[in-house]
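Single-structure report; data block below.
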Number of protein chains: 6
Amino acid sequence: MTELGVVYRNIKRADRATTDELAKHGAATVHEAMGRIGLMKPYLRPIYSGAQASGTAVTVLLHPGDNWMMHVVAEQISPGDIVVAAVTADSTDGYFGDLLATSFKARGARGLIIDAGVRDVKVLTEMGFPVWSKAISAKGTVKATIGSVNIPVVCAGVLVNPGDAIVADDDGVVVVPAGWVHKTRDKAKAREANEEDKRQKLASGVLGLDMYQMRELLEKSGLKYID
Amino acid sequence: MTELGVVYRNIKRADRATTDELAKHGAATVHEAMGRIGLMKPYLRPIYSGAQASGTAVTVLLHPGDNWMMHVVAEQISPGDIVVAAVTADSTDGYFGDLLATSFKARGARGLIIDAGVRDVKVLTEMGFPVWSKAISAKGTVKATIGSVNIPVVCAGVLVNPGDAIVADDDGVVVVPAGWVHKTRDKAKAREANEEDKRQKLASGVLGLDMYQMRELLEKSGLKYID
Amino acid sequence: MTELGVVYRNIKRADRATTDELAKHGAATVHEAMGRIGLMKPYLRPIYSGAQASGTAVTVLLHPGDNWMMHVVAEQISPGDIVVAAVTADSTDGYFGDLLATSFKARGARGLIIDAGVRDVKVLTEMGFPVWSKAISAKGTVKATIGSVNIPVVCAGVLVNPGDAIVADDDGVVVVPAGWVHKTRDKAKAREANEEDKRQKLASGVLGLDMYQMRELLEKSGLKYID
Amino acid sequence: MTELGVVYRNIKRADRATTDELAKHGAATVHEAMGRIGLMKPYLRPIYSGAQASGTAVTVLLHPGDNWMMHVVAEQISPGDIVVAAVTADSTDGYFGDLLATSFKARGARGLIIDAGVRDVKVLTEMGFPVWSKAISAKGTVKATIGSVNIPVVCAGVLVNPGDAIVADDDGVVVVPAGWVHKTRDKAKAREANEEDKRQKLASGVLGLDMYQMRELLEKSGLKYID
Amino acid sequence: MTELGVVYRNIKRADRATTDELAKHGAATVHEAMGRIGLMKPYLRPIYSGAQASGTAVTVLLHPGDNWMMHVVAEQISPGDIVVAAVTADSTDGYFGDLLATSFKARGARGLIIDAGVRDVKVLTEMGFPVWSKAISAKGTVKATIGSVNIPVVCAGVLVNPGDAIVADDDGVVVVPAGWVHKTRDKAKAREANEEDKRQKLASGVLGLDMYQMRELLEKSGLKYID
Amino acid sequence: MTELGVVYRNIKRADRATTDELAKHGAATVHEAMGRIGLMKPYLRPIYSGAQASGTAVTVLLHPGDNWMMHVVAEQISPGDIVVAAVTADSTDGYFGDLLATSFKARGARGLIIDAGVRDVKVLTEMGFPVWSKAISAKGTVKATIGSVNIPVVCAGVLVNPGDAIVADDDGVVVVPAGWVHKTRDKAKAREANEEDKRQKLASGVLGLDMYQMRELLEKSGLKYID
């Protein structure tokens, strides 16, 4: 599956408009709409709080301590894409900084998801270029070994195919397969509508126990109240 | 000790007024006033910086990946309480989000301490509902297995009895047994008064070495100065 | 090497003016100018974002759970110094808080690098006293065992000799040996000038592939493009 | 709760004979018999594989980097006891070695559970003195600060009261409250008997799906088979 | 991609004979033959040293704290298979013990790869049933939520498709896509032959520097020898 | 300090005979004789239990994912040396396997200390070539970037100068500066003699409390006994 030394130029991206709609629902709701799958591991954190992004994945597979392919993937970015970077071994080095961010941004990228480290985070924050990473580290990298671009990669525990939709915010990063964006959007929408109503009830003091009619089931499950 | 499947409705809470006074001394001072015990492990972090809370503990024991009991504990919240949630195994899932926060807040809860993950942190921050957690994660949970409410729990390495006082801020979370709040408040107060005087001396350039009269003891301990 | 129970009063500090110049280049650039060495492990994080400091190292070796030597090192601080604290075993306790910060600041310290924990971070942030630490923890320490001041220490994986230059910001902490500050400053300067030009090109859409003339080498390395 | 500087001489130990019976069921079965609670965190590992022990807890609370109280607890050991050691902060230092093991063994201790590190593991293994610890480390400790003996402690995430029964083997360490040993022994016994029969069926090729009659429930839960 | 609630009964397994041949080359050689990809994260460790297995993957996706699907996957095992278990969130619970091992073995399974914990390791070792896991833990699980069997899963950072070849030993676990087993076997074989010759030369004192003719390239790269 | 791209051919090794004597005292005793310093972090573990080695350090600095310099250091090994390998960033890759071990052994090396991963551990164990490492991993490395040989390195938190004495066993790895071996040997010897006497007393039931005359000091420190 994982081919080394290849760059796929033509990938089928998830529908742009629908992908854009996903963003407003947020990672938590989209993750629920997916049936509670597709969430990257929670060690990935945004470099600044309040970061939000959605877009279509262009993927890159790096070698540890080597960011050469970051320049190769830059050329494959279309406006609306998010770069998803995996490394063939655990690493916290800083594979990405303000120069690459300038290039990615100029190409239309909306953000970076990287299962490793980044640097120049102060400038990235000022640029408003959101990154979800495992670490922040000034550690530089070499350019010596080729990897691949736009092959399926595993990033922070989740398989990402090029073109998949990515939804990322403070709560984490969710991957929606390209073929699932419509149904996921629909479910997320339904869920959201639903939530507004619940929020008002709960705010008025109604208990989830009553609103979700949990009392009987809890009793059947053996829950005992003791005064 | 740890009973499963029970909810204690009547708990003896630490004196409210004294608990409220503890808050202004902060976690570090209260921890010192306690004799340097009662501090939860430092992996618990507030979801936003500057978060501060004190209150009386209502406790809940959850199963991994299951937040059913969060709805049960909501009903047991009285104004001024802080919910303390433990899980029977290590987990970083998101057991708590904006809907539950809305419900907890409506019941008068001042915050949540959870030895696991939470989500919707952007909304929680906007709501000003403080949470100290081990992780932030969009990962949802099921409602399948019952736990307990208001039993003694171990949360982030510390035993919490229902009704204990909780003091939490950027420095961490301290548990003060209900019966200790008066003496702890008194010691914290004494310590604080004391500190203001020290602060001014140190700010004027006086050394701790002299202020605390450490020089002789250091010399006795064998410390050598080399020019 | 590591002598216990000694305080060196006279250390040779890196040239002050040059050390000050290093600050503006930032940790990432200085680390590159050093040949990609001298960076402390990325688990050291600033207690507030945007923290920046450079200065000359005064070092202190502590024992686990014991901050006695923090008072001893305070006396050895000269204006422009940064205290670098190592512990003889892994620890996340809070060895440093607002009182010590007041004292360090009064002595002219510009910050603290500590391979352990700190507390009172809210006050430290308000004071604008930057700290790079492994943890934030209210856990207090005793004053029972002597260590050393101004001996070479290993802090977060890097050897620090007293007088070395320290450059720290959001990207991490870099140690520049005292004898290297001039050449490191020169290389950092050259690199920076260079970067501004690259940034503009990349912002205009030029690819790194072309700007760095990577295409031929990538092809030689076997990279294949697939349409 | 946690008193500092006290040694309780008289503790009520779990019934010896019943505690001894628990051992043969092993940690996993006893944990199930307890209702799936009471298990210490899995980072505690035996220093040699095949280690097995059960006994009554004498507890000790240590300060980080300080093993003074290990000598104090030695005097409180009765034959059949297991020492349970907690530290007031995370630590991996080596608080226990062959000399203390010799002393503990002479007093009749059956093992040590410590939420920190130990050393001299080669000799301990040759002595057949089992230890479950978080780390192995040659790092020595000081004797400067007093803690407590035979107070309730939290060790590796579980509350241990002096006198509680401990069951430990390759699968981990389980704490059985002194008052629960009879019912836990009975449930463990029942479970075990039950298991032998199941083992034989499964060995003959019968599926758990059929033996536990899971097929209908799985179907109801929505499980689909696809050819 | 990840379907929930489905069991695929018919999967295309990698060629059995070739898969069996892979075993003798070991994980390190097969990983190299793959082009240095396909290796699971090194936190997966065998429960006993010297464990070795190869076979074809049947996959199972579990929910945290829930091992229900382990009984479902048992039925899908054919002789020569290795079960590969992933969980939808990080977990160290013990999802597998001696009863399930008895069942898996009776079905012809050669081992288990699980990105979580196992228990009864003493009995598993006596049975000679090899398991590579993230943890050893007595913590039991519930049977409440359905997952899937024989869908593609990400296990310890690597995508595993049902039917892929698995090679596991003390050095780790490598996944070979079903379609790659022949070429991987051939490359591993070539590499191995090659290695025997090298081993003898190195044993006789020949340096790798000379055997691999590295001296010139090192000099070109700027390596300096200093006497 | 850290020069890149250099190999020092002539290093001053610690006295061989004295270094050899250190071995029999073991890491824990030598660490105490050093004044409780010089111990590498406890995450370094031997690849097989019972491993023991002492010798003089030849050092090597590697880049992440690159083991080229392992071949360069091989030439600098003299009989009785132990190779100490550091990496410029955290890494768990397998930088060393049976071929390099064959070469190192042929050159007279007694073992390897590496702040990263190794592979072929089964063969290494059969060869009796001891390695202390941070990880075991089949992950291979490239040969692309030069580092240095026989410069001072920081390995697992400790500064190692070429020629320093290394003592390693199940309890960990201690570094003794070349100039300290005589006094450290003397102190270790004295300590050991002393220990045998203590061991016999403790084995006969004498308490450390009495043997070390701790009772008075404990009482002064405020320890209270409660019946």
Side-chain angles (χ1 to χ4, degrees), chain B residues 25-46 49-52 157 167-174 191-192 194-215 217-227, chain C residues 3-11 47-49 65 67-77 91-94 97-108 117-127 133-151:
Chain B
H25 299 295
T29 296
V30 170
H31 159 71
E32 290 284 346
M34 290 271 291
R36 285 192 200 123
I37 55 168
L39 181 72
M40 291 190 184
K41 291 194 186 287
Y43 62 69
L44 279 198
R45 297 297 304 144
S49 76
Q52 272 182 303
V167 180
D169 59 23
D170 285 332
D171 289 341
V173 181
V174 182
R191 201 180 158 85
E192 199 100 314
N194 207 345
E195 284 205 348
E196 194 38 45
D197 179 53
K198 289 181 193 166
R199 190 173 292 111
Q200 287 176 18
K201 278 190 189 148
L202 293 168
S204 75
V206 175
L207 286 164
L209 289 176
D210 298 311
M211 192 172 79
Y212 299 110
Q213 293 171 291
M214 291 171 169
R215 292 192 192 272
L217 194 53
L218 283 164
E219 200 186 334
K220 264 192 200 159
S221 298
L223 192 68
K224 299 263 172 299
Y225 284 83
I226 298 172
D227 286 321
Chain C
E3 293 164 277
L4 287 176
V6 297
V7 180
Y8 283 89
R9 278 204 187 98
N10 300 309
I11 61 171
I47 57 167
Y48 51 89
S49 78
N67 79 340
W68 206 8
M69 298 308 286
M70 290 302 251
H71 291 281
V72 177
V73 75
E75 191 178 24
Q76 306 307 318
I77 295 170
S91 170
T92 58
D93 294 355
D98 70 334
L99 287 183
L100 272 165
T102 302
S103 179
F104 278 28
K105 206 174 175 181
R107 307 290 300 177
V118 294
R119 56 186 188 174
D120 300 330
V121 295
K122 198 181 178 187
V123 180
L124 298 182
T125 303
E126 287 161 6
M127 290 171 64
S133 73
K134 186 164 79 174
I136 291 169
S137 171
K139 181 85 179 84
T141 50
V142 300
K143 298 184 199 332
T145 310
I146 58 170
S148 288
V149 167
N150 281 333
I151 62 166

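Residue numbers begin at 1 in each chain, while the letters A, B, ... track the order of the sequences. Both backbone and side-chain heavy atoms feed into the values below; hydrogens, waters and symmetry mates do not.
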Open item on the list: So for atom CD, which belongs to B:Q213, do other residues, nucleotides or ligands contribute more than 12 heavy atoms lying within a distance under 6.0 Å?
Closed with: no

Open item on the list: Within the supplied structure, the quantity of interest is the number of heavy atoms (other residues, nucleotides, ligands) at a distance under 6.0 Å from B:E219 CD; does it exceed 12?
Closed with: no

Task: Spacing of B:L217 atom CG and C:W68 atom CH2 [to the nearest 0.5 Å] - done: 4.0 Å

Open item on the list: Return the CZ to CG distance between C:R9 and B:D227, rounded to the nearest 0.5 Å.
Closed with: 5.0 Å

- [ ] Considering non-hydrogen atoms only, spot the tightest contact between C:V6 and B:L223 and give its length.
- [x] N-CD1, 4.0 Å

Task: Atom group of C:Q76 that falls short of 4.5 Å from chain B, counting heavy atoms - done: side chain

Task: B:D171 side-chain N/O to C:I136 backbone N/O, donor-acceptor pair under 3.5 Å - done: no

Task: Spacing of NZ belonging to B:K41 relative to OG belonging to C:S137, to within rounding of 0.5 Å - done: 10.0 Å

Open item on the list: Would you compute the distance between atom CZ of C:R119 and atom CG of B:D169 and round it to the nearest 0.5 angstrom?
Closed with: 11.0 Å

Open item on the list: With a 6.0 Å cut-off (strictly less than), is the heavy-atom count around NZ of B:K201, excluding the residue itself, greater than 12?
Closed with: no

Task: Side chain, backbone, both or neither of B:E32 within contact of chain C (heavy atoms, under 4.5 Å) - done: side chain

Open item on the list: Under 4.5 Å from any heavy atom of chain B, what part of C:M69 do you find: side chain, backbone, both or neither?
Closed with: side chain

Task: Heavy-atom contact with chain B under 4.5 Å, split by part of C:D98 - done: side chain

TODO: Name the region of C:R107, side chain, backbone, both or neither, that has any atom closer than 4.5 Å to a heavy atom of chain B.
DONE: side chain

TODO: Rounded to the nearest 0.5 Å, what's the gap from CG on B:L202 to NZ on C:K105? Could you check?
DONE: 13.5 Å

Task: Engaged part of C:I146 at the chain B interface, taking heavy atoms whose separation is under 4.5 Å - done: side chain

- [ ] For residues C:A138 and B:A28, report the shortest heavy-atom separation together with the two atoms involved.
- [x] CB-CA, 3.7 Å

Task: Side chain, backbone, both or neither of B:Q200 within contact of chain C (heavy atoms, under 4.5 Å) - done: neither

Task: Portion of B:L39 that has a non-hydrogen atom of chain C nearer than 4.5 angstrom - done: side chain

Task: Which atoms of B:Y212 approach chain C - backbone, side chain, both or neither, heavy atom under 4.5 Å - done: side chain

- [ ] Check whether C:V72 gets within reach of chain B through its side chain, its backbone, both or neither, counting any heavy atom under 4.5 Å.
- [x] both

- [ ] Output the distance between atom OG1 (C:T141) and atom CZ (B:R36), rounded to the nearest 0.5 Å.
- [x] 6.0 Å

Task: Taking every non-hydrogen atom, the tightest pair across B:L209 and C:E75 - done: CD1-OE1, 3.1 Å

Task: Partner chain C: residue of B:K198, B:M214, B:R215 with the largest heavy-atom pair count (under 4.5 Å) - done: B:M214

